[in-house]
Amino acid sequence: MARYNFRETEKKWHGRWEQAGTFAVKEDPSRPKYYVLEMFPYPSGRIHMGHVRNYALGDLVARYKKARGFNVLHPMGWDAFGLPAENAAFERRVHPADWTHENITAMREQLRAMGLSYDWNRELATCAPEYYRHEQKMFLDFLRNGLAYRKESWVNWDPVENTVLANEQVIDGRGWRSGATVEKRLLSQWFLKITEYGDDLLEALESLERWPDRVRLMQHNWIGRSEGAHVLFDIVGRSDRLEVFTTRHDTLFGASFCAIAANHPLAASVAANDPKLADFIAECNRMSTSEAAIETAEKKGYDTGLKARHPIIDGLELPVYVANFVLMEYGTGAIFGCPAHDQRDLDFARAYGLPVLPVVLPPNTDAETFEIGDEAYVGPGTAYNSDFLDGLAIDQAKSAMAERLESAGRGKRAITYRLRDWGVSRQRYWGCPIPVVHCPDCGIVPVPDAQLPVELPKDVDFDTPGNPLDNHPTWKHTACPTCGVAATRETDTFDTFFESSWYFARFCDPKSDEAFSRASVDYWMPVDQYIGGIEHAVLHLLYSRFFTRALRKCGYLGIDEPFAGLMTQGMVCHETYRDAKGWLFPDQVRKASDGGFVAVDDGRPVTAGRIEKMSKSKRNVVDPEAIIQTYGADTARLFMLSDSPPERDLEWTEAGVEGAWRYLNRLWQRITESEIAFPPAGAPRPGTFSPAAADLERAIHKTIKAVQDSIEKWRFNSAVAQIRELSNALGALKGDGAGEAWMLRHGYEVLLRLIEPMTPHIAEEIWESLGHQGFLCEVPWPTFDPSLVIDDVITIGVQVNGKLRGTIDMARDSAEEDVRSQALDLENVRKILDGNPPRRVVVVPNRIVNVVA
RNA sequence: GCGGACGUGGUGGAACAGGUAGACACAGCAGACUUAAAAUCUGCUUCGCUUACGCGAGUGCGGGUUCAAGUCCCGCCGUCCGCACCA
């Protein structure tokens with residue numbers, strides 16, 4: 001038997017699709033649209049298995065929706081700015097632009113080899129001036145609309161990448177890519193006002209019904225809204241007041257100290273005359289913010305000597321400390337401490353000998369005997385020791401206190417967010433230049449629209465440390481657009497998350513002289529189905545939601561939410577091996593006779609590690625190109641879809657891939673080398689069928705329904721299982737009469753249509769070999785006959801006391817009495833009842849009978 | 001510490017809405033074909049007992065609700081993920 005030649009076949013169909021423009025789309029108001037998008041890749045040079053999985057998932061959705069009659073937009077492009085290009089420039093003496101474009105060319109070929117149904121006419125790369133010029137304009141519009149501003153602030157500085165990082169890019173105190181411990185620096189930076197949309201971004205999460213709960217929750221926590229109050233403390237002997245944020249203003253009567261952050265202006269003011277305090281502040285700034293450091297760090301404070309007047313209790317003065325656990329970034333950078341009801345405050349109070357006064361009494365507790373030991377009481381209760389709050393529950397006490405503070409002019413209700421404004425300045429070359437000019441006379445001047453884009457210079461030096469744009473001899477020197485005097489350009493570039501915050505809209509109209517036309521985004525947006533990794537849950541996915549709102553405010557588009565549906569796929573994992581010296585590639589390892597593993601070269605023992613995410617460092621990466629070379633794209637795609645549900649991690653196994661390949665090869669042989677003479681394409685349906693053929697027809701219709709349901713529910717692995725079940729049924733069909741031949745052909749044609757979104761090349765090839773003209777991918781999805789998906793005869797389980805004791809075959813919707821008597825008549829059932837009448841018989845129509853003995 | 005998800009054969013995983021647990025695969029075993037191997041085909045494959053018919057146990061552990069629980073409720077244990085000095 002000849003083997004299926006995937007190499008020739010896959011290439012052949014790539015050419016056919018391209019020539020016919022099969023996947024080119026345009027707006028068509030007469031048809032429902034469907035926008036499928038996979039997160040576009042960074043052009044690192046080669047695709048990896050994570051990409052293959054991502055795009056196999058997206059292509060299945062795109063092809064399925066196309067079959068269901070949707071006008072499907074399915075584009076692909078390149079997230080082309082970023083640090084690796086600069087590293088390559090430094091290490092290999094290639095220009096970042098050349099390196100990036102070479103990588104794009106290579107990766108485009110790899111993607112084409114997968115047979116993905118992209119409209120390649122819409123391809124874009126974010127490093128092109130035709131792309132980034134629009135985001136320069138957007139930034140200027142943000143500036144005009146008060147959504148962008150420049151301010152000096154403490155920022156996260158990555159000492160390895162030599163650039164600033166946004167809060168979202170600091171993971172556990174370290175840079176998200178470099179892993180270097182992040183330092184605090186005071187710099188002038190551009191910010192986007194994401195906090196202005198804090199409430200909206202939070203509330204709208206509710207409406208994102210087709211997003212995973214996990215991602216919505218992560219964004220919810222990230223935004224971190226808390227309701228509380230600002231409280232004002234007068235400071236003895238000073239005119240300024242200390243403003244504190246609290247969520248527990250009900251415990252204000254238990255306050256025993258105030259604490260401020262090391263970077264708080266008040267601390268700086270005292271430190272000016274207090275060298276010891278200045279030392280303490282410096283020590284706090286050096287402190288790492290990593291998890292381990294925080295766990296072990298002591299709660300340290302420094303008594304400033306200042307006294308804060310309690311806002312409610314006349315005559316009570318509280319000491320003011322600078323404390324290392326108070327963050328300038330959150331709230332007002334100042335707190336009041338109520339040790340009895342906050343663990344951290346309690347630890348601090350014990351360390352510095354401050355009073356601990358309980359003011360919340362737990363339910364059913366005697367106020368006389370209630371004491372605070374080593375643990376603060378944070379549970380529910382009623383206020384006591386609290387004057388006018390006494391007897392009130394916590395929530396009531398908060399309201400009462402807020403009203404008192406407001407009427408006394410000593411505070412007011414307030415809401416604080418964990419979310420910070422998005423710092424977008426990066427001290428890097430390979431990014432989009434920030435289009436402003438610093439003029440000695442006029443200050444910050446936006447570059448006029450007519451002078452856009454501000455293009456990156458090509459001739460740059462990567463050997464000198466620092467920002468190559470800043471080091472460039474001429475680029476930054478320009479004339480002030482307003483007054484004409486000598487001025488300098490901003491040399492920072494945008495965070496590369498800027499580009500990915502709007503590319504989905506550009507795909508709607510990628511050749512436009514504008515960012516995109518309003519009509520095209522109105523037609524295509526929002527993205528109906530977005531697919532990508534969970535790692536962007538609070539980065540790209542939050543920025544894009546904000547950016548869309550900002551663009552709306554500036555009149556670019558009319559929606560708030562860019563992604564109506566989101567699927568976060570699991571990782572691709574693989575086995576790992578290591579010996580005493582480190583990790584080994586799987587092909588350096590073989591199974592030993594004792595069941596363990598040894599190295600191929602010298603037989604030394606090797607231990608099998610965990611199944612882990614493919615990574616270069618663990619040497620468990622499988623190169624997609626090699627797989628496609630060996631087995632073909634269809635096989636790789638089928639395996640990826642069949643092994644695990646999309647959101648779960650997938651274990652790559654050679655055996656699993658082999659299995660997928662054998663299946664496709666078998667399918668091809670069964671049809672193209674069939675000994676049964678199939679009737680020609682479109683042959684009329686015979687009038688009668690043998691029972692076997694009629695059964696097969698039911699199986700066909702059931703499969704259509706099952707596969708469709710599975711795809712709609714994102715159970716692609718189940719869809720594959722159902723297709724394989726139909727294959728088994730087709731392979732097992734007995735008889736070779738005209739009716740059987742017709743039904744067999746019908747079955748295979750349906751099967752091909754169902755499998756085409758997963759394995760398009762082989763499906764097209766077999767379809768053509770059956771005598772069809774035109775593309776299978778343009779044939780509508782088959783419909784099932786509802787009457788054929790329900791069985792006439794149903795096998796009903798018969799239980800005695802909940803244990804299965806037999807089955808009976810009954811006509812569908814048989815009378816309950818018949819089912820009951822048939823069930824009781826089973827020998828097994830009679831044996832157990834032993835002549836006694838059953839106590840009860842539960843009959844669930846068409847499902848089960850349970851006899852209670 | 002806070003929040004969340006998950007836990008089913010040797011393995012990946014099925015099981016719509018509480019109703020025959022283990023679909024579909026992978027691996028394994030046996031057989032057919034073959035000089036042989038690969039490929040292909042047929043069968044078996046949750047565990048224990050049994051020649052067999054069967055019987056017993058079984059969805060992390062312990063309880064509960066129900067005629068009936070992988071699924072619902074309560075309490076544990078474990079694994080993974082997110083956030084974290086957040087006032």
Side-chain angles (χ1 to χ4, degrees), chain A residues 1 3 171-173 212-222 224-226 228 244-249 251 259 261 287 289-291 293-295 297-299 323-327 329-338 342-345 347-348 416-418 534 537-538 611 639 642-645 647-651 653-660 662-663 665-666 669 706 709-710 713 715 717-728 731 795-807 827-828 831 838-853:
Chain A
M1 275 194 281
R3 284 196 153 202
I171 313 292
D172 190 18
D213 289 343
R214 192 156 67 122
V215 175
R216 292 198 285 180
L217 187 73
M218 282 164 75
Q219 292 208 355
H220 187 277
N221 291 340
W222 188 263
R225 179 189 148 104
S226 16
V244 150
F245 175 72
T246 180
T247 56
R248 291 301 302 272
H249 34 299
T251 65
M287 194 177 69
T289 52
S290 73
E291 179 185 348
I294 288 164
E295 294 252 310
E298 273 180 65
K299 306 281 172 279
N324 63 354
F325 63 87
V326 180
L327 307 172
E329 299 85 41
Y330 187 76
T332 59
I335 61 163
F336 79 81
C338 175
D342 182 287
Q343 190 60 45
R344 229 179 14 204
D345 294 348
D347 295 344
F348 192 81
T416 284
Y417 300 89
R418 213 187 75 106
I534 186 79
V538 287
I611 310 291
F639 171 69
S642 62
D643 187 67
S644 299
E647 70 280 3
R648 228 180 283 185
D649 286 353
L650 175 141
E651 187 195 341
T653 62
E654 194 78 1
V657 181
E658 290 273 1
R662 282 200 301 268
Y663 171 70
N665 201 41
R666 199 159 60 228
Q669 285 171 349
D709 290 350
S710 293
K713 282 185 299 184
R715 310 309 299 253
N717 56 327
S718 294
V720 174
Q722 283 135 7
I723 288 173
R724 292 185 75 144
E725 262 184 280
L726 179 60
S727 299
N728 293 344
T795 303
I796 295 173
V798 179
Q799 301 176 327
V800 178
N801 294 332
K803 279 193 164 88
L804 187 71
R805 296 298 172 182
T807 58
E827 199 189 317
N828 233 336
K831 211 162 68 189
R839 280 201 284 160
R840 190 177 161 190
V841 180
V842 179
V843 178
V844 182
N846 299 327
R847 282 222 134 127
I848 207 159
V849 179
N850 191 11
V851 179
V852 184

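Residue numbers begin at 1 in each chain, while the letters A, B, ... track the order of the sequences. Because only heavy atoms are used, hydrogens play no part in the values below, and waters and symmetry mates are left out as well, while side chains stay in.
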Residues A:Phe245 and A:Tyr330: closest non-hydrogen pair is CE2-OH, 4.3 Å
Any strand, both distances under 3.5 Å, Watson-Crick or G-U wobble: B:rU71 pairs with none
On the nucleotide B:rA84, are OP1 or OP2 found under 4.0 Å from the side-chain N or O atoms that A:Arg418 carries?
yes
From CG of A:Asp213 across to C1' of B:rG82 the rounded distance in Å is 14 Å
In Watson-Crick or G-U wobble terms, with both distances under 3.5 Å, the base opposite B:rA36 is none
Checking B:rA14, B:rC85, B:rG82 against the side chain of A:Ser718 (C-beta onward), the nearest is B:rA14
Are A:Arg805 and B:rG54 close enough that a side-chain N or O sits under 4.0 Å from OP1 or OP2?
no
The Watson-Crick or G-U wobble partner of B:rA25, with both key distances under 3.5 Å, is B:rU11
If you measure from the P atom in B:rG4 to the same atom in B:rC61, how many Å do you get, rounded?
24 Å
Given the 90°-from-0 boundary between syn and anti, B:rG9 should be labelled syn
For this session: Scan A:Gly659 against the nucleic acid and name what it touches under 4.0 Å (heavy atoms): base, sugar-phosphate only, or nothing.
Result: sugar-phosphate
- [ ] With C1' as the reference atom in both, quote the distance from B:rC16 to B:rU51 in angstrom, rounded to an integer.
- [x] 41 Å
Heavy-atom nearest pair, A:Thr247 first then A:Ser226, reads CG2-CB, 3.9 Å
Of the candidates B:rA87, B:rG12, B:rC24, the side chain of A:Thr246 sits closest to B:rA87
A:Ile796 atom CD1 is separated from B:rA68 atom P, nearest whole Å, by 20 Å
**Study point:** Side-chain N or O of A:Asn828 closer than 4.0 Å to phosphate OP1/OP2 of B:rC55
**Key:** yes
Partner of B:rA84 under the Watson-Crick or G-U wobble criteria, both distances under 3.5 Å, comes out as none
Any A:Asn717 side-chain nitrogen or oxygen under 4.0 Å from OP1 or OP2 of B:rA14
yes
Between A:Ser644 and A:Leu650, the two heavy atoms sitting closest are OG-CA, 4.0 Å
Discussion item. I'd like to know if A:Asp213 pairs up with A:Arg216 as an ion pair, taking the criterion as any Lys NZ or Arg NE/NH1/NH2 lying under 4.0 Å from an Asp or Glu carboxylate oxygen.
Written reply: yes
Do we get A:Arg724 above A:Tyr663's six-membered ring, with its NZ or CZ under 6.0 Å from the centre and within 45° of the axis? yes
Using a heavy-atom cut-off of 4.0 Å across all strands, would you classify A:Arg666 as base, sugar-phosphate, or nothing?
sugar-phosphate
Considering only heavy side-chain atoms of A:Met218, the closest of B:rG13, B:rG82, B:rG19 is B:rG82
Picking from B:rG19, B:rC26, B:rC86, the nucleotide nearest the side-chain atoms of A:Tyr330 would be B:rC86
| Under 4.0 Å between a side-chain N/O of A:Lys831 and OP1 or OP2 of B:rG54, yes or no? | no
| request: Just call it for A:Leu217: base, sugar-phosphate, or nothing, with non-hydrogen atoms closer than 4.0 Å on any strand. | output: sugar-phosphate
Closest of B:rG13, B:rC83, B:rA39 to the A:Arg662 side chain is B:rA39
Sticking with atom C1', work out how far B:rU45 lies from B:rA25, rounded to a whole angstrom.
14 Å
Rounded to whole Å, CZ of A:Arg216 lies from P of B:rA5 at a distance of 12 Å
When A:Pro645 and A:Ala334 are each assigned the nearest nucleotide of RNA chain B, the 5'-most assignment goes to A:Pro645
**Item:** Nearest-angstrom distance, P atom, B:rU11 to B:rG28
**Value:** 15 Å
message: Over all strands shown, is A:Thr795 touching base, sugar-phosphate only, or nothing at heavy-atom distances under 4.0 angstrom?
response: base
- Message: Tell me whether the side-chain N/O atoms of A:Arg840 come closer than 4.0 Å to OP1 or OP2 in B:rC67.
- Response: yes
Rounded to whole Å, the CD1-P distance (A:Ile335 to B:rC86) equals 9 Å
A:Arg847 side-chain N/O to B:rA17 phosphate OP1/OP2 under 4.0 Å: no
Q. On a whole-Å scale, what distance lies between the P atoms belonging to B:rG22 and B:rG9?
A. 14 Å
For A:Arg715 and B:rA15, is the shortest distance between a side-chain N/O and OP1 or OP2 below 4.0 Å?
yes
Whole-Å distance, A:Gln799 CD to B:rG19 C1', equals 7 Å
Between CG of A:Asn221 and P of B:rG4 the distance, given in whole Å, is 9 Å
**Asked** P atom, B:rA37 versus B:rC29: distance in rounded Å?
**Response** 14 Å
For B:rG78, the nucleotide meeting Watson-Crick or G-U wobble distances (both under 3.5 Å) is B:rC6
Taking the P atom in each of B:rA23 and B:rU46, what is the distance between them to the nearest angstrom?
8 Å
Looking only at heavy atoms, the pair that brings A:Val326 and A:Gly333 closest together is CG1-O, 3.5 Å
message = Once you apply a heavy-atom cut-off of 4.0 Å, does A:Asn801 come out as touching a base, just sugar-phosphate, or nothing?
response = nothing
### Query
How is A:Arg724 classified with respect to the nucleic acid when contacts are heavy atoms under 4.0 Å: base, sugar-phosphate, or nothing?
sugar-phosphate
| request: Answer whether the closest heavy-atom distance between the side chains of A:Asp345 and A:Phe325 falls below 4.5 Å. | output: yes
Taken to the nearest whole Å, NZ/A:Lys713 to C1'/B:rA14 is 11 Å
- [ ] Please measure how far the C1' atom in B:rG10 lies from the corresponding atom in B:rA27, and state the result in whole Å.
- [x] 8 Å
> Any side-chain heavy atom of A:Val844 within less than 4.5 Å of one from A:Val849?
Replying inline: no
Ranking B:rA68, B:rU20, B:rA87 by distance to the side chain of A:Val326, first place goes to B:rA87
Quiz item: So what does A:Val852 hit on the nucleic acid, given a heavy-atom distance under 4.0 Å: a base, only sugar-phosphate, or nothing?
Solution: sugar-phosphate
message: So A:Gln722 and A:Ser710, do their side chains get closer than 4.5 Å, heavy atoms only?
response: yes
message = By the 4.0 Å heavy-atom rule, please label A:Val841 as base, sugar-phosphate, or nothing.
response = nothing
Paired to B:rA30 by Watson-Crick or G-U wobble criteria (both distances under 3.5 Å) is B:rU42
A:Leu804 CG to B:rG58 C1', in whole Å, measures 15 Å
Whichever of A:Gly656 and A:Thr247 has the more 5' nearest nucleotide on RNA chain B, that residue is A:Gly656
- prompt: Does any non-hydrogen side-chain atom of A:Arg214 lie less than 4.5 Å from one of A:Ile534?
  reply: yes
